[in-house]
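Before any comments, here is the structure.
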Amino acid sequence: MGMGTVLGRFKVVGILEGISFLLLLLVAMPLKYAAGVDMAVTIVGAAHGALFVLYILAALHAFIRLKWSLTKLFWALVASVLPIGTFVFEAHLNKEIQAGRMYSSPEEASQARRAS
């Protein structure tokens, strides 16, 4: 599953958003407050902000296209504000995919329904 699917794009954006959040918290903020390097927060913060917006849009896209429940959308959004939340949510999605309860595209879901 790659960037060519709704779920693939969501997962990639989630990983990047999670990394940017950790960089902001664990690298940029300590540099700002311990070493006076304000530019670190400016740069990493801007990147994280853009990735946060992309993550929200990707979650909404998955909600619409993959027919996620409101509960799944809620947990995706909660994950976006917790430092390792996007990684935990992706692990949850991977378990659902392996169990055959989640598909990466509407087409894949249709094929699975026809096969059963």
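In this chain, residues are counted from 1 in sequence order.
Proximity of a side-chain donor or acceptor of Tyr55 to a complementary backbone N or O of Ala76 within less than 3.5 Å is detected.
For the atom pair CZ (Phe63) and CG (Leu60), the distance works out to 8.0 Å, reported to the nearest 0.5 Å. Between the CG atom in Leu51 and the CD1 atom in Ile56 there is a gap of 11.5 Å [rounded to 0.5 Å]. Rounding to the nearest 0.5 Å places CD1 of Ile97 at 8.5 Å from CD of Glu90. Atom CG of Leu16 is separated from atom NZ of Lys11 by 13.5 Å, given to the nearest 0.5 angstrom.
Cluster note: Val44 groups with Ile15, Ile19, Phe21, Leu22, Leu23, Leu24, Leu25, Leu26, Val27, Met29, Leu31, Tyr33, Val37, Val41, Ile84, Phe87, Val88 through ILVMFWY side-chain heavy atoms spaced under 4.5 Å, whether in direct contact or through intervening members.
Hydrophobic clustering (ILVMFWY, side-chain heavy atoms < 4.5 Å, transitive): Leu82 and Leu54 are in one cluster. Linking Ile, Leu, Val, Met, Phe, Trp and Tyr residues whenever their side-chain heavy atoms come within less than 4.5 Å leaves Leu57 and Phe89 in two separate clusters.
When every heavy atom of Ser20 is checked against every heavy atom of His48, the shortest pair comes out as OG-ND1, 2.8 Å. Smallest separation of non-hydrogen atoms from Leu77 and Ala59: CD2-CB, 4.4 Å.
Applying the salt bridge (charged side-chain N to carboxylate O under 4.0 Å, His left out) test to every pair with at least one member in residues 41-70, sequence neighbours left out, gives these pairs: Arg65-Glu107.
Using a 4.5 Å heavy-atom cutoff, the side chains of Leu66 and His61 are not in contact.
Ring centroid separation for the pair Phe74 and Trp68 does not come in under the 6.0 Å cut-off.
Contacts of Lys72 classified as salt bridge (Lys or Arg N to Asp or Glu O under 4.0 Å), with partners at least two apart in sequence or in another chain: Glu96.
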